[in-house]
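Notes for the one structure printed next.
These numbers come from a predicted model, not from an experiment. Just so you know, these numbers use all the heavy atoms, side chains as well, and skip hydrogens, waters and symmetry mates.
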Amino acid sequence: MAAWFSPATLFSVGVRRAPGGLLGRMIHVWAFGVAVFTIAAAAYLSLAPWLMTAVFICACMVPGFLMVGASERADPRRPAAFDWVLSAVSAIVLVYFVAYSEYVTTRIALLNALTPADFVIGTAMLVLTLELTRRSTGLALSLIVLLFILYNLYGHLVGGSLGHGQIDYAYFLDLAVFTTDGIMGLPLRVVATYAFLFVMFGGLLHATRGGDFFYDLAAALTGGRVGGPAKVAVVSSGLYGTVSGSPTSDVVTTGSITIPIMKRLGYRPTVAAAIEVAASTGGSILPPVMGSAAFLMAEYTGIEYREIAVAAVLPALLYYVAIYAQVHFHSINTRAKGFSRSELPSLASTMSWGWPFLIPIAALVWTLMAGYTPTYAALAASATLLVAATFNRRMRIGVMAVARALAETTLRVLPVAGACAAAGLVIAGITMTGLAPKFSMLVAALTGSGVFGTLAAAALVTIVLGMGMPTPSAYILAAVMLGPLLAQVGVPTLPAHMFLLYFASMSALTPPVAVAAYAAAPIANANPFAIAAMAVRFALAAFIVPFAFVYGQGLLMVGPGWEVAVDFGSAAVGVVLLALAVEGSRGYGRSLPSRLLLAGAGLCFIVPALWSLGVGLILGLMSLALDRAGRSRTVPRVRPDEVSPE
């Protein structure tokens, strides 16, 4: 029993299959069809939101139960009989939803009673959603969803302020399955539109060797410096992350190159993987694409995606400044060498073959800044990439390669789709029971409604949510439960939700469920928990950045240009000082008191106020004085009788 409740069991996922032969071809043909439907629905089909999301999730489930085993011990080559049953049930539910779509979309929820067939299909949809979530993201999220379902059905038995009115199963099933307030709600709708199209763009970029270009560009820029391989990992992951928006995809694409090279040049496997994980995690907060959670933020808050992307630029740059600085100091301490010049591609040769990759990125940025929807921007960028690839021999791919990339897009979004469907169930439960304001009252009572205390509590809750679920689910639940509380203490909508988005994104490297670390573990042949713990250390300074842009909104491009420049400059100095305090370096941070002073100086520089800059400068000078005093005590004194006479 104890083993069943172990962290490894709670957070383990089903084995990922790659079936070959006829089954593999059938799955890829089906996945390609799902991709074509999703593109058509986003581009020009006029479908009811419920129908579009219902077809999408059920169509994903059909191959999903065949591609993902029931446990990590399942047969990695052949689906079991139960997998076929679940796949067949998914197909039946899909057919029912399509056949009775007009009835479902025109009926009045809670007024028109559910038919016996609705009960059966709705219950099957609940079970399928929970099982797909368990297989693709682990038991933890499924247990959270089950807890909310039980709270919905039996919360009327709970006394005190957490209790609610009685909700019967028919009421719950109606809202959870047959309306856009449950499984077919906002999180899944975002996956079926914006997120799918941007994942498709990333898949096409990978197919046209975009990962090779970003790696060569990073190697040409930083490979020859101290700790060159690690810095290449940071820069290449950041460059690839601008268009992938997915930490896991980033790790798999760039990490398959950078991690083995770092290991070959002397980095410990855990360190090499942690550097890649920390660098790749920034991809979900790095414009122009960012990640699925950013699209959820746009839909939930009503803020235009381009405004979110602009606001995210400086915090994302600070994240990478922090990672790069810490990798730099770590490399100095470990005397890590860079590549020899003969091992590096030249910048000129890299740009000579890879410059067409800049065209779709420019198209993506231009369409977003011009006010077009993210859907149009993703489609325009993908089309531009394919056109540019036809004129470049190293980028060119055939029709079958494009079809494979589209099929892989469907299979790649399966875990996100399952997680967001589950998140929709939780949101439905929160809405039905009125739990969000009750939770906000509880947090406010604990923090005294102070801004800093509320922010700290929000960060902690979001990180905890991220430990049990993927980034999009963690963000949307934090937004529903904590967004109103942050507004109540006076934090504006944009910085409040950017704060939650940032900490939800950090869940990709936060133990125990660090999805990016799990992706890096087999590449590095290292323990994922150790990788995640080391990645948190490399990203430690980055955890302070969200507090900085709440107190100094110049970091979100809000305010006059001089204020934006001052806030960013002082914050950049601050994260470098924090990185130095964590790692130390030759001659600096030699003792614990010196490092504590450096950490205090870094925090003061990050806080956007003149008084804090003055205090930070004083603390920095005190640390420098301590280091110099320590060096002078270690230098041997020369006795007068040892000095040669002139």
Hey, could you give me the [atom1]/[atom2] distance between [X] and [Y], rounded to the nearest 0.5 Å?
X: His206; Y: Glu408; atom1: NE2; atom2: CD; answer: 9.0 Å
X: Ile144; Y: Leu477; atom1: CD1; atom2: CG; answer: 8.0 Å
X: Leu379; Y: Leu364; atom1: CG; atom2: CG; answer: 11.0 Å
X: Ile275; Y: Arg537; atom1: CD1; atom2: CZ; answer: 10.5 Å
X: Gln553; Y: Leu494; atom1: CD; atom2: CG; answer: 7.5 Å
X: Arg189; Y: Ile57; atom1: CZ; atom2: CD1; answer: 14.0 Å

Indicate yes or no for a side-chain donor-acceptor contact from [X] to the backbone of [Y] under 3.5 Å, with no hydrogens or angles considered.
X: Ser280; Y: Val277; answer: no
X: Tyr324; Y: Lys231; answer: no
X: Ser256; Y: Thr253; answer: yes
X: Ser612; Y: Val607; answer: yes
X: Thr133; Y: Gly418; answer: yes
X: Ser473; Y: Ala419; answer: yes
X: Lys263; Y: Ala272; answer: no
X: Arg306; Y: Met369; answer: yes
X: Tyr240; Y: Val251; answer: no
X: Glu583; Y: Ala325; answer: no

Would you check if Phe357 and Val243 make a side-chain contact, meaning some heavy-atom pair closer than 4.5 Å?
no

Write out all pairs satisfying side chain to side chain donor-acceptor pair (under 3.5 Å) with one or both partners inside residues 367-386, taking only residues at least two apart or from two chains.
none

Step by step, would you call Val461 with Phe439 a side-chain contact (heavy atoms from CB on, under 4.5 Å)?
CA-CA 11 Å; Val461 170; Phe439 182 80; 4.2 Å; yes

Evaluate ring pair (Phe, Tyr, Trp, His ring centres under 6.0 Å) for Phe198 paired with Phe295, printing each intermediate quantity in order.
CA-CA 10 Å; Phe198 277 98; Phe295 300 119; 4.9 Å; yes

Aromatic centroids of Phe547 and Phe499 separated by under 6.0 Å:
yes

Tell me whether the count of non-hydrogen atoms from other residues, nucleotides or ligands lying under 6.0 Å of CZ in Arg225 goes above 12.
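Count not over threshold, so no.
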
Is it the case that atom NE2 in His330 sees more than 12 heavy atoms from other parts of the structure closer than 6.0 Å?
yes

Applying side chain to side chain donor-acceptor pair (under 3.5 Å), name anything that partners Ser237, two or more places apart in sequence or on another chain.
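Once residues adjacent in sequence are excluded, the partners of Ser237 under the side chain to side chain donor-acceptor pair (under 3.5 Å) criterion are Thr254, Glu276.
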
